[in-house]
Amino acid sequence: MKRNVLLALGGRRSAIALRTYSSLCDRLHRELTSRILPLHFDYLHTQPSHLLSLTLADLLPGDLISSRIHTALPSVTHASRMPAGHHLAYFPPQVTLSQLLPDGTDILHSPGGPFERRLWAGGSVRFPVTGGLILNGARAVCIETIRDVIVKGRQGAEKVIVKIERRMGVVREGEEEGSIRERIWKETEDENGHATIIENRNLAFMRKKTQDELNFDRMDFDNCQRVIKPPPSPEYRLKIKPTRSLLFRFSALTFNAHSIHLDEAYTQNVEGFRNLLVHGPLTLTLMLTVLEAHLARSDHTIREFDYRNVAPLYVDEPLTICGKPKSGKENVWDVWIEGKNGGLAVRGTAFTSPV
């Protein structure tokens, strides 16, 4: 009898916990997907792309890069195509200081407490229009939408994945917001509308770490982490060492104040990482830049790129950018980044087409 009572109590607790967990999922999904995010406007001048190219120039020597970057600012009168990945230096979050959270991230995509920690989990980018955006000084917009929210993990240790879609395209001076949204944003993700670049970001939000968890992390700083085996026999390999100056300049170019890229004490004592983290979008830019240079030899261009971050990359530790054609599939490439111990850190798939 006593055992039956205990089983019944355990069952009721499980049912209550399940309802609580389900309620959290429903609430976060409802609240976040109903947010109307502000339009991010920008002018497609050459300066941000030029500064990003200068920032990456010394990191990418060798036969993969066709020529050195000229230090003179290009003119918009000789309009050039925006290199793949350089859209990250445009359409910065247009928020005030009061709209920044204690870790330096903005409130636009945050699910709120207790999910106070944010990491970049991966995403995708596609280029519906051949050639992408043109750097001719035109006015352009980025429309952000929270497409989905997924809650993973056991109750009390949940991870909230916020899936953001960003659609970029050229707009007319004085064009009304309703017209802009109607032309560029579409109800169905597969519809391109008038978007020139469509990017998806997966942000992971987690609870603040306990002191016990941080103490455990600190003891593990010098130990080798589990190594995930990367694909074999890449067609190209390029090793670089991300410096603090690189992280600072990329943060500045992308208007990113997240402390995990700038404040070592915060990164160790609050997030539990051994050093400053390399930006998720920076790894995306590196993979796209090297692949685009490699594809230029065969007159191919990147049409779509999917990627997932599987292990952290740290400042002052070498990383290696790799790629090779995917076996048995035409115009598909495996692209990845290996960490200092040779383990897989970022895994990507690129879909290409002739220019």
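This is a predicted model, so every value here is computed, not measured. All residue numbers refer to positions in the sequence shown, counting from 1.
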- Item | Reported CD1-to-CG distance for the pair Ile337 and Leu238, which is rounded to 0.5 angstrom | 10.0 Å

- Query: If Ile, Leu, Val, Met, Phe, Trp and Tyr residues are connected whenever their side-chain heavy atoms lie under 4.5 Å apart, and connections chain through other members, are Leu319 and Leu60 in the same group?
  - Reply: yes

- Query: Is there a side-chain contact between Met82 and Ile134, using heavy atoms and a 4.5 Å cut-off?
  - Reply: no

- Derivation and outcome, side chain to side chain donor-acceptor pair (under 3.5 Å), residues Ser98 and Thr96: CA-CA 5 Å; Ser98 64; Thr96 64; 2.9 Å; yes

- Leu52 side chain near Phe250 side chain, heavy-atom distance below 4.5 Å: yes

- Query: Does any donor atom in the side chain of Asn200 or Ser124 lie under 3.5 Å from an acceptor atom in the other side chain?
  - Reply: yes

- Are there more than 12 heavy atoms of other residues, nucleotides or ligands under 6.0 Å from atom CZ of Phe221? yes

- dist Phe273:CZ -> Leu313:CG (nearest 0.5 Å) comes out at 11.0 Å

- For the residue pair Thr243 and Ser245, confirm or rule out a side-chain donor-acceptor distance under 3.5 Å. no

- Note on the structure: Rounded to the nearest 0.5 Å, the CD atom of Glu158 sits from the CD1 atom of Ile150 at a distance of 14.5 Å

- Message: Checking Thr285 against His86: is there a side-chain donor and acceptor pair closer than 3.5 Å?
- Response: no

- Begin from the C-alpha positions of Ile260 and Glu271 and carry the test side chain to side chain contact (heavy atoms under 4.5 Å, CB included) through to its verdict. CA-CA 8 Å; Ile260 60 173; Glu271 297 283 352; 3.5 Å; yes

- Task: Test Cys142 against Asp42 for side chain to side chain contact (heavy atoms under 4.5 Å, CB included), laying out the working first.
- Result: CA-CA 8 Å; Cys142 174; Asp42 210 335; over 6 Å; no

- Query: Has Tyr314 got more than 12 heavy atoms of other residues, nucleotides or ligands less than 6.0 Å from its OH?
  - Reply: yes

- Tell me whether Leu119 is reachable from Leu88 by hopping between hydrophobic residues (I, L, V, M, F, W, Y) whose side-chain heavy atoms are closer than 4.5 Å. no

- May I ask you to check whether over 12 heavy atoms, not counting those of Arg308, lie within 6.0 Å of atom CZ? no

- Message: Between Gln268 and Arg274 (side chain of the first, backbone of the second, donor and acceptor by atom type, cut-off under 3.5 Å), is there such a pair?
- Response: yes

- Query: Is there a side-chain contact between Ile161 and Leu203, using heavy atoms and a 4.5 Å cut-off?
  - Reply: no

- Say whether, by atom type as modelled, one donor and one acceptor occur between the side chain of Ser49 and the main chain of Thr46 under 3.5 angstrom. no

- Item | side chain to side chain contact (heavy atoms under 4.5 Å, CB included) between His45 and Leu135, intermediate numbers included | CA-CA 6 Å; His45 292 299; Leu135 298 177; over 6 Å; no

- Does Lys163 make a cation-pi contact with Phe205, if we ask for NZ or CZ under 6.0 Å from the ring centre and within 45° of the axis? no

- Query: Any link between Leu44 and Ile143 through a network of hydrophobic side chains (Ile, Leu, Val, Met, Phe, Trp, Tyr) touching at under 4.5 Å?
  - Reply: no

- Heavy-atom count around Phe41 CZ within 6.0 Å, excluding the residue itself: above 12? yes

- Message: Using a 3.5 Å distance criterion without hydrogens, assess whether the side chain of Asp263 forms a donor-acceptor pair with backbone atoms of Ser259.
- Response: no

- Any salt bridge between Arg244 and Asp316, counting N to O under 4.0 Å? yes

- Item | Short N-O contact, Glu116 and Lys209, less than 4.0 angstrom | no

- Query: Considering only heavy atoms from C-beta outward, does the side chain of Phe127 approach that of Ile302 to under 4.5 Å?
  - Reply: yes

- Query: Quick check: are there more than 12 heavy atoms from other residues, nucleotides or ligands sitting under 6.0 Å from CZ of Arg347?
  - Reply: no

- Task: State whether a side-chain donor-acceptor pair under 3.5 Å links Thr145 with Trp185.
- Result: yes

- Query: How about Glu175 and Ser179: does a side-chain donor come under 3.5 Å of a side-chain acceptor?
  - Reply: yes

- Is the shortest distance from a Lys or Arg side-chain nitrogen in Arg181 or Glu177 to a carboxylate oxygen in the other one below 4.0 Å? yes

- Compute whether any side-chain donor of one residue and acceptor of the other, for Arg167 and Asn192, lie under 3.5 angstrom apart. no

- Query: Quick one: does Glu292's side chain have a donor or acceptor within less than 3.5 Å of a partner on Thr289's backbone?
  - Reply: no

- Task: Identify whether the distance between the nearest side-chain nitrogen and carboxylate oxygen of Asp103 and Arg118 falls below 4.0 Å.
- Result: no

- Message: So that I can tick it off, tell me whether Asp334 and Lys326 are bridged by a salt bridge, with the cut-off set at under 4.0 angstrom between side-chain N and carboxylate O.
- Response: yes

- Query: For atom NZ of Lys159, is the number of surrounding heavy atoms from other residues, nucleotides or ligands below 6.0 Å larger than 12?
  - Reply: no

- Task: Mark yes or no for whether Arg35, through its side chain, and Leu108, through its backbone, hold a donor-acceptor pair below 3.5 Å.
- Result: yes

- Query: When you look at CD of Glu31, are more than 12 heavy atoms from neighbouring residues, nucleotides or ligands closer to it than 6.0 Å?
  - Reply: yes

- Message: Applying a strict under-4.5 Å side-chain criterion to I, L, V, M, F, W and Y, I'd like to know whether Tyr266 and Leu214 cluster together.
- Response: no

- Task: Using the six-membered ring of Phe91, assess whether NZ or CZ of Arg166 lies under 6.0 Å from its centre and within 45 degrees of the ring axis.
- Result: no

- Message: Please say yes or no: joined through hydrophobic side-chain contacts below 4.5 Å, possibly via intermediate residues, are Val290 and Val278 part of one cluster?
- Response: yes

